[in-house]
Amino acid sequence: MKLKLQINQVIKDAFIKANIEHKPMSVCESTKPEFGDYQFNGAMALSKKLGKKPREIATKIIENLNLSGVLIKAEIAGPGFINLWLNPLWIAIQCHNALSDDRLSVEVRKTPIKVVVDYSGPNMAKQMHVGHLRSTIIGDTLVNLFTFLGDEAIRQNHIGDWGTQFGMLIAYLEEIGEDGSVSLNDLEQFYKDAKGRFDADADFANRAREYVVKIQSGDAHCLQLWQKFIDISLGHCEEVYNKLDVKLTREDVKAESFYNDDLPNVVEKLQSKEMLQQSDGAQCVFLEGDEVPVIVQKSDGGYLYATTDLAALWYRANIVGAKRISYVVDARQSGHFKQIFRVAKEAGFVADDVMLEHIAFGTMMNKGGKPFKTRDGGTVKLIDLLDEAVIKAKETINDKESYSKEELEALAKVIGIGAVKYADLSINRESNYVFNWDKMLSFEGNTSLYMQYAYARIQSIFRRFDGEIKSDIIIGDRLEHRLSVMLLRFEDMLIRTALDAAPNQITTYLYDLVTLFMRFYEQNPILKDGVDEQTKMSRLALADLTAKTIKQGLDILGIQVVNKL
RNA sequence: GCACUCAUAGCUCAGCUGGAUAGAGCAUCGGUUUGCGGUACCGAAGGUCACAGGUUCGAAUCCUGUUGGGUGUACCA
């Protein structure tokens, strides 16, 4: 449910009744429990416009406030804050409704839009490394979120499968002469070996260059080799996606090569708009205020990264029909995206009402604050990192004997992969973050384990109870009240998260929610002796709604829960 | 050189469209229990929000400058 909207409506009514002519601002969550559930700060801002004292305006608003439905109490504080308390009876009904709804009362957007989310984007010439982690899981989370809110979110995996290096790679694959599946197990090594041949043997190097041209002109033999190479390499990626539990499939792949035939058109269209200028033999778009141009065609006639991206933008806006196109790519490329977005808009490749955004993220660092590398300075393979996460997760599991081998594996995967994802998603994506195993696999603080533990703990209540929740929710003490309000904030939080494309808002919310629940549960017994039936049922309902909210929140983050931990 | 970005507690991080005494976790010190999962909960201590100005009723948040770090800077992706 859209909680803020409900409260804003009450405020708005008061404005009308009080005859105050001004578009009311939105309420916001109170900074402290003593200040109520929500607060309205608009009186101060209105003071100057209306030529009245803030407290005077606030008084007038309060006098006209309906305190019999959503709200129950309002107070003026400080210079003119209006603190608002939600009506416990109303809250109780809303929680009850949420509990009886699969979607926890989160509405499906009435006017859904198409959103393209471009993420992961591995290079087929190499194995996925830690640098691909953030893009892959942030992108996947965003698609989950947009989809849950009712939009039509489309995954696009813009894999790097085109370019000069592939000539070398397929020439080497051909030379080895086997089916490739063995030597391609280690792409890094394969690349190194191919490069070694390329540097050492001039004939080989020439053949490699030739093959580049041949693939691009559609030579059947070379294309076949290339296809085989891509298949195997993509297979490696899928292994990672599978471990990571992200939903990318081959259907979502729209590779660089996909846009190959469009590249001349891009240049042509820019030409016809008279946006191109030749500089040092290259075709460039010079943007006003930018020092460096966007090069769309090299002096040798070849096309570049920017050309492909422009073709992709055109495709996504005009063929797919996206109204929002989101690129989940490393922050270092912000200059590149700023440029191609401008070119695309100025050239009319995408309409004005299409939102183009670069969802930039920072780098993963080691404890020393340097980019995350292996001991010998190489890049860390993503698959190794994930395997290690599962191994470390296994160590955190108590009484391993009570599980079968399969159960233990499954549990370790849920914990380990969840920890890696949660640790990453809980950080404000724009900042760099320090990778730390101990922290992410801790039960304390804002971690996946704390959430999963809370969920499992609630499930254990229901194992003991094993009945049906009957009767209504009654909001008793302050903690119950706060917990309920927090539960009702779920949709507001999701909408805000989607708007900002900032998954850490979900983790922050879940952490606040779980913390509140733990406190509530500490003070308010549920199944202990002496709890009357009605109270028991009410608290069970709140526990149930809490668990469902945790599960739904983690599900959007692509993290699983377990009933026993 | 220019552009972008960041700077919050000892450490790791929150802080949403400017709002009240800047919040968590870890680490430190102390407390709660014959416990519905203590892998929990409560409390104490810890801050000149890099620095200096400005905008205003009000600034960690917006603007300018300074310092320090990161990144990007024409035919790689």
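Worth saying up front: this structure is predicted, and the values here are computed from it rather than measured. Chain letters run A, B, ... following the sequence lines, proteins first and then strands; every chain starts at 1.
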task: Verify whether the ring centers belonging to A:F341 and A:H336 lie closer than 6.0 Å.
output: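 No, ring centres 6.0 Å or more apart.
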- prompt: Got a sec? Which of residues 73-81 of chain A come in under 4.0 Å of RNA chain B, heavy atoms?
  reply: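 Residues of residues 73-81 of chain A that come under 4.0 Å of RNA chain B are, in numerical order, A:A77, A:F81.
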field: Salt bridge flag under 4.0 Å for residues A:D424 and A:R134
entry: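 Yes, this pair counts.
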Within less than 4.0 Å of OP1 or OP2 of [N], is there a side-chain N or O belonging to [X]?
X	N	answer
A:N504	B:rG15	yes
A:N428	B:rC13	no
A:K53	B:rC57	no
A:S431	B:rA14	yes

Using a cutoff of under 3.5 Å, can you pull out all pairs of nitrogen or oxygen atoms linking the protein to nucleotides 73-77 of chain B, with atom names and distances?
| from | atom 1 | to | atom 2 | distance (Å) |
| --- | --- | --- | --- | --- |
| B:rA74 | N1 | A:S279 | OG | 2.8 |
| B:rC75 | O2 | A:S299 | N | 2.9 |
| B:rC75 | N3 | A:S299 | OG | 3.4 |
| B:rC75 | N4 | A:D280 | O | 2.8 |
| B:rC76 | OP2 | A:K298 | NZ | 3.0 |
| B:rA77 | OP2 | A:Y305 | N | 3.2 |
| B:rA77 | O3' | A:E256 | OE1 | 3.1 |
| B:rA77 | O3' | A:E256 | OE2 | 2.2 |

- request: Would you indicate which nucleotide in B:rC36, B:rA20, B:rG23 comes nearest to any side-chain atom of A:K32?
  value: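 Within the option list, the nearest is B:rG23.
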- prompt: Between B:rA14, B:rC42, B:rA20, which nucleotide has the shortest distance from any of its atoms to the side chain of A:R519?
  reply: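 Looking only at side-chain atoms, A:R519 lies closest to B:rC42.
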Which donor-acceptor pairs under 3.5 Å do the side chains of residues 121-130 of chain A make with protein atoms, sequence neighbours left out?
| from | atom 1 | to | atom 2 | distance (Å) |
| --- | --- | --- | --- | --- |
| A:N123 | OD1 | A:A125 | N | 2.8 |
| A:Q127 | OE1 | A:L187 | N | 3.0 |
| A:H129 | ND1 | A:G131 | N | 3.0 |

Rounded [atom1] spacing from [N] to [M] in Å:
N	M	atom1	answer
B:rC29	B:rG46	C1'	12 Å
B:rU56	B:rC63	C1'	13 Å
B:rG1	B:rC16	P	33 Å

message: Under 4.0 Å, counting only non-hydrogen atoms across every strand here, what does A:N446 touch: a base, just sugar-phosphate, or nothing?
response: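 Since no nucleic acid heavy atom lies under 4.0 Å of A:N446, the category is nothing.
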- request: Under 4.0 Å between any heavy atoms, over every strand shown, what does A:D330 touch: base, sugar-phosphate, or nothing? Just pick one.
  value: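 The answer is nothing, as A:D330 stays clear of every strand by at least 4.0 Å.
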Would you list the protein and nucleotides 37-39 of chain B atom pairs, both N or O, that sit under 3.5 Å from each other?
| from | atom 1 | to | atom 2 | distance (Å) |
| --- | --- | --- | --- | --- |
| B:rG37 | OP1 | A:S460 | OG | 2.9 |
| B:rG37 | O2' | A:Y453 | OH | 2.6 |
| B:rG37 | O2' | A:R457 | NE | 2.9 |
| B:rG37 | N7 | A:S460 | OG | 2.8 |
| B:rG37 | O6 | A:A456 | O | 3.3 |
| B:rG37 | N1 | A:L565 | O | 3.4 |
| B:rG37 | N2 | A:L565 | O | 3.1 |
| B:rG38 | OP2 | A:R457 | NH2 | 2.8 |
| B:rU39 | O4 | A:N398 | ND2 | 2.4 |

- prompt: Taking for each residue the nucleotide of RNA chain B with the nearest heavy atom, is it A:M518 or A:V434 whose nucleotide lies nearer the 5' end?
  reply: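 Comparing both residues, the 5'-ward one is A:V434.
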Residue mapping more 5' on RNA chain B - nearest nucleotide basis, A:S334 or A:M365: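 Closest to the 5' end, via its nearest nucleotide, is A:S334.
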field: Distance-only side-chain donor-acceptor flag, A:W314 / A:D262, under 3.5 Å
entry: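 No - no donor-acceptor pair under 3.5 Å links their side chains.
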Candidate pair A:R478 and A:E480, rule salt bridge (Lys or Arg N to Asp or Glu O under 4.0 Å), full reasoning: CA-CA 5 Å; A:R478 262 324 274 175; A:E480 240 165 357; over 6 Å; no
field: Over-ring placement of A:K195 relative to A:F198, 6.0 Å and 45° cut-offs
entry: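 No, a cation-pi geometry is absent between A:K195 and A:F198.
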What side-chain donor-acceptor pairs closer than 3.5 Å can you find for residues 33-51 of chain A, not counting sequence neighbours?
| from | atom 1 | to | atom 2 | distance (Å) |
| --- | --- | --- | --- | --- |
| A:D37 | OD1 | A:H481 | NE2 | 3.2 |
| A:D37 | OD2 | A:L86 | N | 2.8 |
| A:D37 | OD2 | A:H481 | NE2 | 2.9 |
| A:Y38 | OH | A:R489 | NE | 3.2 |
| A:Q39 | OE1 | A:N41 | ND2 | 3.3 |
| A:S47 | OG | A:K52 | O | 2.9 |

Please list all pairs passing the salt bridge (Lys or Arg N to Asp or Glu O under 4.0 Å) test where one or both residues lie in [range], with sequence neighbours left out.
range	answer
residues 509-535 of chain A	A:E533-A:K536
residues 439-459 of chain A	none
residues 301-316 of chain A	A:D118-A:R316

message: Quick test of your reading: applying ring pair (Phe, Tyr, Trp, His ring centres under 6.0 Å), list the pairs with at least one residue in residues 439-468 of chain A, sequence neighbours left out, ordered by first then second residue.
response: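 Qualifying pairs: A:Y450-A:Y511.
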task: May I have all residue pairs that pass side-chain hydrogen bond (donor to acceptor under 3.5 Å, both in side chains) and include part of residues 493-502 of chain A, sequence neighbours excluded?
output: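 Applying side-chain hydrogen bond (donor to acceptor under 3.5 Å, both in side chains) to every pair that reaches into residues 493-502 of chain A, excluding sequence neighbours, yields A:R496-A:D500, A:D500-A:Q505.
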message: Without decimals, in angstroms, what is the distance between A:Y422 OH and B:rC13 P?
response: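 Taking OH of A:Y422 and P of B:rC13, I get 15 Å after rounding.
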- request: Check the distance between B:rC42's P and A:F520's CZ and give it to me in whole angstrom.
  value: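 A:F520 atom CZ is separated from B:rC42 atom P by 14 Å.
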- request: Can you sort out the partners of A:K548 under side-chain hydrogen bond (donor to acceptor under 3.5 Å, both in side chains), two or more places apart, ordered by chain and number?
  value: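 By the side-chain hydrogen bond (donor to acceptor under 3.5 Å, both in side chains) rule, A:K548 matches A:D544.
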- request: Grab the stems for RNA chain B, please: at least three consecutive Watson-Crick or wobble pairs, both distances below 3.5 Å, written as range with range.
  value: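 Paired runs of 3+ in RNA chain B: B:1-7 with B:67-73, B:10-13 with B:23-26, B:28-32 with B:40-44, B:50-54 with B:62-66.
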message: Working to the nearest 0.5 angstrom, can you tell me the gap between A:D438 CG and A:T447 OG1?
response: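 Taking CG in A:D438 and OG1 in A:T447, the distance rounds to 12.5 Å.
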